[in-house]
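Let me begin by presenting the structure, written as structure tokens, before commenting on it.
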Amino acid sequence: MKETFSKTEKSATAKSDHSQTIRRTLFLLLGLLIMAYGVALSIKAGLGTSPISSVPYVLSEITPLTVGNITILMHCTFILLQILLLRRRYRLLQLLQLPVAVIFGYMTDFAVWTLDPLVCGNYAVKWIFCLIGIVLVAAGVSFEVVANLVTLAGEGLVLALCQVTPVKFSTMKVSVDTALVIIACILSFLFLHGLYGVREGTIAAAFLVGMISRQITPPLTRVAGKIFGESPGKS
């Protein structure tokens with residue numbers, strides 16, 4: 001009797017865990033879609049993309065590849081760098097960053113395509129588009145954090161660098177973002193003979209995305225707890 005009850009209990013727990021994983025996955029996918037539209041709006045505004053999107057945008061202007069295609073390739077590079085940095089300490093579970101990168105890349109191209117008919121008029125309208133894009137990127141980051149399944153490859157690289165150096169996450173994040181912006185500027189001047197993808201909107205995104213995300217995450221965590229079926233206080 002006890003054995004039958006134990007099997008039933010285990011089966012119920014397994015079903016609950018499976019259901020929660022599906023909900024978390026859907027939550028992550030929604031976050032990726034929101035973030036993709038944030039990137040697309042930033043591109044549409046023309047005031048500069050977020051630091052992590054600056055290199056894909058510039059390369060999309062240089063090559064026949066789309067922003068989404070190059071985003072996928074860049075994330076694959078980030079994954080490879082994580083493996084080289086961590087070696088035996090690299091967790092195979094983090095390879096889930098690869099399908100996430102592919103999905104995010106195609107979502108970005110889809111968002112850019114759907115927003116193509118929008119017209120940005122004067123400078124003020126461009127800033128409205130840019131700020132909405134920043135808020136959406138921040139919200140997407142919060143969804144990713146709350147889903148708690150897998151980090152995007154960019155954040156994964158920052159975490160890997162923190163593991164092999166004494167530098168704290170916030171400092172390393174700024175360093176990586178700065179490096180990406182510098183690379184985007186160099187590529188832009190070398191191949192496009194001007195500055196593309198890096199403007200005042202890039203600086204705004206660098207400062208605001210993290211701040212806004214920190215404000216969104218706590219209430220989103222409470223909402224997600226109800227969606228995931230967690231009891232209060234359970235992480």
**Request:** Measure the spacing between CG of Leu136 and CG of Leu33 and express it to the nearest 0.5 Å.
**Result:** 10.0 Å
**Prompt:** Are the side chain of Asp109 and the backbone N or O of Gly68 linked by a donor-acceptor pair below 3.5 Å?
**Reply:** yes
**Request:** Say whether, by atom type as modelled, one donor and one acceptor occur between the side chain of Ser188 and the main chain of Cys185 under 3.5 angstrom.
**Result:** no
**Asked** Do the side chains of Tyr57 and Val198 get nearer than 4.5 Å, heavy atoms only?
**Response** no
**Request:** Nearest 0.5 Å please: distance from the CG atom of Leu149 over to the OG1 atom of Thr25.
**Result:** 5.0 Å
**Glu61 side chain reached by Phe191 side chain, heavy atoms, under 4.5 Å** = no
**Message:** Can you confirm whether Thr178 sits close enough to Pro51 that some side-chain heavy atom of one is under 4.5 Å from a side-chain heavy atom of the other?
**Reply:** no
**Asked** In terms of hydrophobic clustering (I, L, V, M, F, W, Y; side-chain heavy atoms under 4.5 Å; direct or indirect links), are Leu157 and Phe169 co-clustered?
**Response** yes
**Asked** Parallel under 30°, tilted from 30 to 60°, perpendicular over 60°: which one fits the rings of His75 and Phe104?
**Response** tilted
**Item:** Atom pair OG1 (Thr77) and CE (Met74), whose distance is rounded to the nearest 0.5 Å
**Value:** 8.5 Å
**Thr66 vs Ser60, side chain to side chain donor-acceptor pair (under 3.5 Å): CA-CA, chis, key distance, verdict** = CA-CA 5 Å; Thr66 64; Ser60 73; over 6 Å; no
**Message:** Within the structure provided, determine whether Met35 and Leu152 are in side-chain contact (heavy-atom separation under 4.5 Å).
**Reply:** yes
**Request:** Kindly indicate whether the side chain of Leu59, heavy atoms from C-beta on, has any atom under 4.5 Å from the side chain of Leu65.
**Result:** no
**Prompt:** Hey, which of His18, Arg24, Arg23 is the one that makes side-chain hydrogen bond (donor to acceptor under 3.5 Å, both in side chains) with Gln20?
**Reply:** Arg24
